[in-house]
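Comments concern the structure below.
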Amino acid sequence: MRIIAGQWRSRPLETAAGDTTRPTADRARETLFSMLQSRLGSFEGLTILDLFAGSGALALEALSRGAERAFLVERNAAARRAIEANIRKLGAKARLAGQDATHLPPAPSAADILFLDPPYGEGLASAALPSARAQGWIAPHSWITVETGRAEEVSPPGFIVAADRVVGKARLWLLRPAGELPVVEGDTADSVAESTSESAAGDAPPGLRPAS
């Protein structure tokens, strides 16, 4: 697994051994970032929240492309060790929490992009979003991405599906808080396709610490 684009392009990433986590495949990650790029134009200056972070590949990809800061949440100890190793190798200043992604601490400010890549088939994305919203991580302008198995559906209350794509065994979803931007023409919700940040320690909410 490698960073796809940006300042750390082609840099390798460590992952936890075995089937502890299921990292987003490079092809799916490239598709996801293309979907976001077409809507955002740039990742410069953005704040990222990466839930069920695994190797940290999604947050680190965003940082490589210019995001300002990232907060990562991963409960599995082996996966956290991989994230910390990746942060050290890249020189990224990110915040990492080893807690349940469905019980988040208060946010210092809302995230511009939330990445959710939970285990398939367990409904954890829909369980995590209410906590993220209640704790201030989601604002009206936020974009939420969710990866599921290709046959799964995502329809959490209070959110609209802006787009979805099938890539191999995965299905990628873009969500918005209800009432926000409309679906982009040509990339509808039933579409199917193949296809160094630095933040001050005082900006981290309780429970999110700098990776050592």
Side-chain angles (χ1 to χ4, degrees), residues 22-25 27-43 45-54 56-59 61-63 65 67 69-74 100-104 106-107 109-195:
R22 177 198 38 75
T24 299
R27 184 182 175 199
R29 187 156 32 102
E30 186 169 10
T31 299
L32 177 60
F33 275 83
S34 177
M35 293 168 72
L36 289 168
Q37 183 89 34
S38 69
R39 291 160 173 81
L40 296 168
S42 170
F43 295 91
L46 300 186
T47 295
I48 307 300
L49 177 63
D50 189 354
L51 303 180
F52 312 98
L58 294 173
E61 183 75 40
L63 290 173
R65 296 173 186 235
R69 58 180 179 171
F71 301 102
L72 299 89
V73 178
E74 174 55 61
D100 189 335
T102 65
H103 295 88
L104 297 174
S109 61
D112 300 296
I113 303 174
L114 292 83
F115 293 114
L116 288 81
D117 185 14
Y120 289 172
E122 298 183 21
L124 290 175
S126 293
L129 285 173
S131 174
R133 182 169 237 166
Q135 296 297 338
W137 292 97
I138 297 175
H141 70 273
S142 299
W143 286 90
I144 300 99
T145 82
V146 181
E147 179 179 336
T148 68
R150 66 181 298 154
E152 292 181 60
E153 296 291 331
V154 172
S155 56
F159 297 88
I160 61 171
V161 176
D164 73 285
R165 301 266 186 100
V166 170
V167 183
K169 296 180 180 180
R171 192 170 184 178
L172 307 174
W173 303 81
L174 293 186
L175 308 180
R176 301 302 309 274
E180 294 310 310
L181 294 182
V183 173
V184 174
E185 184 177 355
D187 198 11
T188 59
D190 61 355
S191 65
V192 175
E194 297 286 338
S195 53

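Of all heavy-atom pairs spanning F52 and P119, the tightest one is CD2-CD, 4.4 Å. Shown here for L58 and F33, the closest heavy-atom pair between the two residues is O-CZ, 3.5 Å. Taking each heavy atom of A163 and M35 in turn, the nearest pair found is CB-CE, 4.1 Å. Annotation for S109 and W137: closest pair O-CE3, 4.2 Å, computed over non-hydrogen atoms. Shortest non-hydrogen contact noted between S142 and P177 is O-CD, 3.3 Å.
Using modelled atom types, one side-chain atom of R171 and one backbone atom of E152 make a donor-acceptor pair closer than 3.5 Å. R39 contributes no side-chain N or O that, together with a main-chain N or O of W143, makes up a donor-acceptor pair within less than 3.5 Å. Between the side chain of D50 and the backbone N or O of A59 there is at least one donor-acceptor pair closer than 3.5 Å. Under a 3.5 Å cut-off, the side chain of R150 and the backbone N or O of G168 do form a donor-acceptor pair. Side chain of E74 to backbone of G54: a donor-acceptor contact under 3.5 angstrom is found. In terms of modelled atom types and a separation under 3.5 Å, the side chain of E147 and the main chain of D117 share no donor-acceptor contact.
Between the CD1 atom in I113 and the CD1 atom in I48 there is a gap of 4.0 Å [rounded to 0.5 Å]. Rounding to the nearest 0.5 Å places CG of L49 at 7.5 Å from CG of L116. Atom OG1 of T47 is separated from atom CG of L114 by 10.5 Å, given to the nearest 0.5 angstrom. The CZ atom of R65 lies 11.5 Å from the CG atom of L40; values are rounded to the nearest 0.5 Å.
With sequence neighbours left out, the side chain to side chain donor-acceptor pair (under 3.5 Å) criterion links T145 to no other residue. For A110, the side chain to side chain contact (heavy atoms under 4.5 Å, CB included) criterion is met by A139, not counting sequence neighbours.
At a cut-off of 3.5 Å, with distance as the only test, no side-chain donor of R165 or S34 sits close to an acceptor on the other residue.
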### Query
Does the pair W173 and I144 meet the rule for a side-chain contact (heavy atoms from CB on, under 4.5 Å), with working shown?
CA-CA 8 Å; W173 303 81; I144 300 99; over 6 Å; no
### Task
Dump the intermediate steps for side-chain contact (heavy atoms from CB on, under 4.5 Å) on F159 and V146, then the final yes or no.
CA-CA 12 Å; F159 297 88; V146 181; over 6 Å; no
### Message
One pair to check against side-chain contact (heavy atoms from CB on, under 4.5 Å): F43 and L63. What are the steps and the verdict?
### Response
CA-CA 8 Å; F43 295 91; L63 290 173; over 6 Å; no
### Message
Let's go through V161 and V154 carefully: what are the C-alpha distance in whole Å and the side-chain angles of both, what is the deciding distance for side-chain contact (heavy atoms from CB on, under 4.5 Å) to 0.1 Å, and is it a yes or a no?
### Response
CA-CA 8 Å; V161 176; V154 172; 5.6 Å; no
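Between L174 and L32, some side-chain heavy-atom pair lies under the 4.5 Å cut-off.
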Residues 122-132, side-chain donor-acceptor partners within the protein, below 3.5 Å, at least two apart:
unit_1	atom_1	unit_2	atom_2	d
S131	OG	T102	O	3.4
S131	OG	L104	N	2.9

